[in-house]
Protein chains: 2
Amino acid sequence: MGISERKAREKQEMRTRIIEAATAMFMSEGYEKTSIRNIAEKIEYSPATLYLYYKDKDELLYEVQKQAFSQLEDAFAKEATSTDPLTRLSQICHCYVKFGKAHPEMYELMFMMRAPMNSIKENESWDNNTDSFVVLHNCLTECIEKGLIRFDDVMLAAFSVWSMGHGLVSLDVSCRFQGMGIDNTHVEQMIVTAIDHYLQLIKT
Amino acid sequence: MGISERKAREKQEMRTRIIEAATAMFMSEGYEKTSIRNIAEKIEYSPATLYLYYKDKDELLYEVQKQAFSQLEDAFAKEATSTDPLTRLSQICHCYVKFGKAHPEMYELMFMMRAPMNSIKENESWDNNTDSFVVLHNCLTECIEKGLIRFDDVMLAAFSVWSMGHGLVSLDVSCRFQGMGIDNTHVEQMIVTAIDHYLQLIKT
DNA sequence: GGATTTACTAAACAGTGTTCATTATATTTG
DNA sequence: CAAATATAATGAACACTGTTTAGTAAATCC
């Protein structure tokens, strides 16, 4: 029965068409300007149609978030390639910062906003971030195995490194470094310096 | 002319009545449920009246944020009292984490949400956080002067410590630690452990 | 070809932030 | 004190928002 397969394919095409439009609007116009009606208008469908493919806006945001994480993974795969775990750790961190700087709206959706997390069903856990977290986790496992960093527990190390990176990026994204006595154009450099300093600190 | 003074006082009373209602609703009902209409209803005034005292919602949020920072300062003043700068640094960090855990909605408004930052006028900078940041800055200045931590630059140290603390708290507030392979009830303990571990790392 | 399932949408609902003409109150002036 | 004026507050509207539902058009099945 090829007809039901085509239907399923068309349904999937519609789903990707929606999230691609949503993602594009998110990155160009920003979160504020992105409403269900705007997305519907962009793909030339009625707003009500979107609800045949996603149960509410949170679920849609969740799917956009998923795609954003897939982009972060790609960035890791491209830029964090060193076989030396310490070098790779540095690559991961700088890649993470670069990603946040390049796509602040996406970063907000991935790590800061509460909205997309609402669509997580009961007894189900958030797994959009797992793959990219595994990249960090594996790297730190290797670092610890070889005794390169001052951590015993891999999980503690992963959470610490991630928190430091996220803290720097998110405070920048939410403009909380402004008016803190540092020149605004030098913030980016300061973030890189802070990351490098931290990586020096955790070295054995 | 006592009559204009009374007018000014009444105006100020109304302003504080508004932000107190807003703050209370923020902490009890959460951000989602807090609208201009809800706040107006709470203080038994018309929604339009709020606009005679605050030009828009962002400005109102900004004022609520200011009060939240004043509460954080109070917490610092009460809990970070040690004369030993390293001990005081630890007190500051743990106090910060405790504050975020106790008032996640407020934390979101203070450090994560973009909204209140929109009301900052051009050529004016954000100063709601300066006082509490100074507490950290002063502490770290003393630490560096006495050669207690592995930092040369006070600003770099302040941004690093703040970012680590904020990273841990904000990832928790935005539920990003969920589904990361750690028991949800142990997240709080993990955060404390990560802070303590970091403080050990930066010690000379 | 007629019945039925599927895909889509127009219209409405309840809510939001915000503005403005109008009303009620308080103050100042003649 | 009464009239004129300045101040304070609001009702109603505007342009949005996410979401639901009844109804329509098209594709599929028998």
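Per chain, numbering begins at 1; letters A, B, ... match sequence-line order.
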Between [X] and [N], is there a side-chain N or O to OP1/OP2 distance below 4.0 Å?
{"X": "B:Ser46", "N": "D:dA9", "result": "no"}
{"X": "A:Tyr53", "N": "C:dA7", "result": "no"}
{"X": "B:Asn38", "N": "C:dT16", "result": "yes"}

[options]: which one has an atom nearest the side-chain heavy atoms of [X]?
{"X": "B:Ser35", "options": "C:dG17, C:dT18, D:dT10", "value": "C:dG17"}
{"X": "A:Ala48", "options": "C:dT19, D:dT21, C:dG17", "value": "D:dT21"}
{"X": "B:Lys7", "options": "C:dG17, C:dT27, D:dT17", "value": "C:dT27"}
{"X": "A:Tyr45", "options": "C:dT9, D:dG18, C:dG17", "value": "C:dT9"}

Starting at [atom1] of [X] and ending at [atom2] of [N], how long is that distance when rounded to a whole Å?
{"X": "B:Ile43", "N": "D:dA8", "atom1": "CD1", "atom2": "C1'", "result": "13 Å"}
{"X": "A:Asp56", "N": "C:dA14", "atom1": "CG", "atom2": "P", "result": "20 Å"}
{"X": "A:Leu52", "N": "C:dT5", "atom1": "CG", "atom2": "P", "result": "18 Å"}
{"X": "A:Leu50", "N": "C:dT9", "atom1": "CG", "atom2": "P", "result": "10 Å"}

Would you classify A:Thr49 as touching base, sugar-phosphate or nothing, given that sugar-phosphate means primed atoms plus P, OP1 and OP2, and contacts are heavy atoms under 4.0 Å?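 It contacts base atoms.
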Pairwise distance CZ(A:Phe69) to CG(A:Asn128) - rounded to 0.5 angstrom: 6.5 Å
A:Asn38 side chain to A:Ser35 side chain, donor-acceptor N/O pair below 3.5 angstrom: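 Side chains of A:Asn38 and A:Ser35: pair found under 3.5 Å.
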Show the numbers, then the answer: is there a side-chain contact (heavy atoms from CB on, under 4.5 Å) between B:Lys57 and B:Ser119? CA-CA 9 Å; B:Lys57 196 187 183 185; B:Ser119 73; over 6 Å; no
Indicate the atoms forming the closest heavy-atom contact of A:Arg150 with B:His197, along with that distance.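 Nearest pair, atom of A:Arg150 first, then B:His197: O-NE2, 2.9 Å.
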